[in-house]
Number of protein chains: 2
Amino acid sequence: MSYQRKKILAAAVELYLQDGLDGFSMRKLAKQIGVTAPALYRHYDGKEHLLADVMREAHRAFISYVYQAIEAPTPLERFVRAGQGFLDFALEHPRWHVILYFGPEDLGMVELPADIEAMSGARHQFWIDRVRECMDAGILKEGDPTQTGLTMWAHAHGLLQLYRQGHLRIAETEFRALFEESAGRLWSGVATEAFAAQFADRQSDASASVEA
Amino acid sequence: MSYQRKKILAAAVELYLQDGLDGFSMRKLAKQIGVTAPALYRHYDGKEHLLADVMREAHRAFISYVYQAIEAPTPLERFVRAGQGFLDFALEHPRWHVILYFGPEDLGMVELPADIEAMSGARHQFWIDRVRECMDAGILKEGDPTQTGLTMWAHAHGLLQLYRQGHLRIAETEFRALFEESAGRLWSGVATEAFAAQFADRQSDASASVEA
DNA sequence: GTCTATAATCCGATAGAC
DNA sequence: GTCTATCGGATTATAGAC
């Protein structure tokens with residue numbers, strides 16, 4: 001990737017994170033860099049290729065938050081750290097989070113580039129693997145990990161969206177507590193009896209260590 | 001409301017349902033009615049007031065799907081019918097569903113009109129009341145109905161969004177089955193022990209009666 | 001590689017004639 | 001109450017000079 005392309009992409013990322021998709025235009029981007037709009041087309045074929053590169057950056061950012069969970073020593077800890085990373089990522093970088101879910105029409109394409117689809121698939125698979133591990137370890141009830149993982153994913157996704165759209169009317173600290181509580185209710189539906197209570201314990205421990 | 005205002009609103013509803021918020025413009029609307037754009041401003045102060053009226057129509061449509069649940073004889077049936085109505089509404093009229101969640105900035109306002117906020121509040125309250133009833137009847141675990149209701153709301157909301165954005169890559173019939181399954185997993189986390197299995201039974205009964 | 005100029009479309013909203 | 005004409009703005013993208 002040429003030096004100019006890098007510079008353009010860096011500015012595009014900054015512009016997207018500031019103004020979102022609707023506020024993203026080639027003219028604004030050019031102005032921010034200090035050139036005129038047509039100059040950008042020497043380096044990028046069009047807005048959609050540029051936005052696709054911004055999506056790739058979002059995936060890199062996501063990876064840096066979530067994939068480190070693999071280093072934890074136990075399936076449960078890997079599971080918890082993956083979930084925690086997911087939540088931190090979404091709350092700390094909401095614009096990064098939403099772009100991960102963009103469809104081709106959002107970028108003005110008919111299909112997403114294959115490599116982006118592959119990154120989305122890997123991201124999804126990583127989570128399913130964390131769920132499967134916990135099933136194998138007897139922590140989560142037996143079943144199709146894809147299904148159980150989806151239930152938890154949907155819950156997190158929905159709660160986050162309600163919060164971000166302002167329907168919950170609470171601040172981030174309160175939302176994090178609410179998220180844990182709500183996840184706890186779901187947990188007692190998906191965990192084995194032996195582990196159903198453990199989540200609540202872990203929460204109490206965490207609260208206790210914060211208070212201490 | 002004058003005759004012309006009604007005619008404009010009806011066309012606006014049609015245009016919104018067809019083209020969505022992004023495809024909604026005063027010029028297109030005027031063309032669809034057969035007048036020129038400035039004529040609309042004789043009857044509506046601006047785009048935002050028109051869109052606010054479209055939101056009000058969405059609430060009316062929602063009510064027709066969900067509030068009839070109140071007629072069912074038991075708390076559990078009222079709960080189930082409310083949930084079913086919610087799902088039907090969202091799947092049959094996705095554009096109606098998303099407009100319910102619009103914030104003021106989507107319409108180009110600083111605050112939503114008070115009556116719209118009130119309708120949203122009532123909609124939310126209706127669901128919470130269904131949850132509270134089930135708690136009082138010993139069907140759902142004791143707790144704050146707002147919290148438990150939120151957990152279920154978030155799950156449904158998230159699952160719907162993942163489906164509508166195409167991340168699940170399944171058709172509607174399969175999605176409805178998946179939704180029931182996923183809701184069942186959540187149910188066993190929020191229901192009392194005595195009723196935890198009942199949901200699964202109800203599902204099986206429903207499937208059986210469909211197959212029969 | 002970058003520029004100016006411009007094409008070709010969109011948008012919301014208003015003034016003033018009829 | 002509707003029209004024409006227009007203001008003032010946005011957008012992606014290209015042609016052609018430098």
Side-chain angles (χ1 to χ4, degrees), chain A residues 1-55 95 98-99 102-113, chain B residues 1-56 95 99 102-113:
Chain A
M1 183 146 60
S2 74
Y3 173 68
Q4 279 96 339
R5 234 178 118 100
K6 272 186 201 165
K7 201 168 67 179
I8 292 171
L9 177 55
V13 162
E14 193 180 354
L15 179 59
Y16 167 74
L17 290 180
Q18 254 178 28
D19 297 0
L21 182 65
D22 288 347
F24 185 93
S25 82
M26 298 299 270
R27 292 160 113 96
K28 260 203 233 175
L29 175 58
K31 186 171 285 179
Q32 189 147 333
I33 297 173
V35 298
T36 56
L40 302 176
Y41 289 86
R42 283 284 147 189
H43 307 282
Y44 272 98
D45 254 7
K47 192 188 183 182
E48 75 261 32
H49 294 96
L50 197 34
L51 282 174
D53 265 6
V54 175
M55 272 189 87
R95 289 246 154 84
V98 306
I99 204 178
F102 278 3
E105 65 284 356
D106 295 309
L107 313 259
M109 297 170 154
V110 289
E111 269 190 339
L112 285 180
Chain B
M1 181 147 60
S2 76
Y3 173 69
Q4 281 94 339
R5 234 179 118 100
K6 272 186 200 164
K7 202 168 68 178
I8 292 172
L9 177 55
V13 162
E14 194 181 353
L15 179 59
Y16 167 74
L17 289 180
Q18 254 178 28
D19 296 359
L21 182 66
D22 288 347
F24 185 93
S25 82
M26 297 299 270
R27 293 162 116 99
K28 257 203 234 176
L29 175 58
K31 186 171 283 180
Q32 188 148 331
I33 296 174
V35 297
T36 55
L40 301 176
Y41 289 87
R42 282 285 148 190
H43 307 282
Y44 271 97
D45 253 9
K47 192 188 183 183
E48 76 260 33
H49 293 96
L50 198 32
L51 283 174
D53 265 5
V54 175
M55 273 190 88
R56 291 182 182 97
R95 288 247 156 85
I99 205 179
F102 278 4
E105 65 286 353
D106 294 310
L107 291 346
M109 298 170 156
V110 291
E111 268 191 339
L112 285 180

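Side-chain atoms are counted along with the backbone in the values below, which use heavy atoms only and exclude waters and symmetry mates. Note that this is a predicted model, so its numbers are computed, not measured. Naming: A, B, ... by sequence-line order, numbering from 1 per chain.
Atom NE2 of His49(B) and atom P of dG12(C) are 15 Å apart (whole Å). For the pair Leu107(B) CG and dG12(C) C1', the computed distance is 15 Å after rounding to whole Å. Here dG1(D) presents its P atom at 14 Å from CD1 of Ile33(B), a figure rounded to the nearest Å. To the nearest angstrom, C1' of dA13(C) lies 13 Å from CZ of Arg42(B). The distance between atom CG of Leu51(A) and atom P of dA13(D), rounded to the nearest whole Å, is 10 Å. Rounding to whole angstrom units, NZ of residue Lys47(A) and P of dT11(D) are separated by 9 Å. One interatomic measurement links the two molecules: CG of Leu21(A) to P of dT11(D), which rounds to 13 Å at whole-angstrom precision. Atom C1' of nucleotide dG9(D) and atom NZ of Lys31(A) are separated by 12 Å, given to the nearest angstrom.
At the heavy-atom level, Gly108(A) lies nowhere under 4.0 Å from the strands shown.
Along DNA chain D, the nucleotide nearest to Ser2(B) and the one nearest to Arg27(B) differ in position, and the one closer to the 5' end is contacted by Ser2(B).
Between Thr36(B) and the phosphate of dC3(D), there is a side-chain N or O to OP1/OP2 separation shorter than 4.0 Å.
Checking dC3(D), dT2(C), dC11(C) against every side-chain atom of Ser25(B), the shortest atom distance belongs to dC11(C). If you check dA13(D), dG12(C), dC3(D) against the side chain of Tyr41(B), the one that comes closest is dG12(C). Listed nucleotides dA13(C), dT2(C), dA13(D) differ in distance to His43(A); the shortest reach to its side chain belongs to dT2(C). In this structure, of dG12(C), dC3(D), dC3(C), it is dC3(D) that holds the atom nearest to the side chain of Pro38(B).
Side-chain atoms of Leu50(B) and Leu29(B), non-hydrogen and from C-beta on, do get closer than 4.5 Å to each other. Counting heavy atoms from C-beta on, the side chains of Pro104(B) and Val110(B) never come closer than 4.5 Å. Inter-residue side-chain proximity for Phe102(A) and Leu21(A) is flagged as met; some heavy-atom pair is nearer than 4.5 Å.
Counting all heavy atoms, side chain and backbone alike, Ala30(A) lies closest to Thr36(A) at CB-C, 3.5 Å.
With hydrogens and angles disregarded, a donor-acceptor distance shorter than 3.5 Å links the side chain of Lys47(A) to the backbone of Phe24(A).
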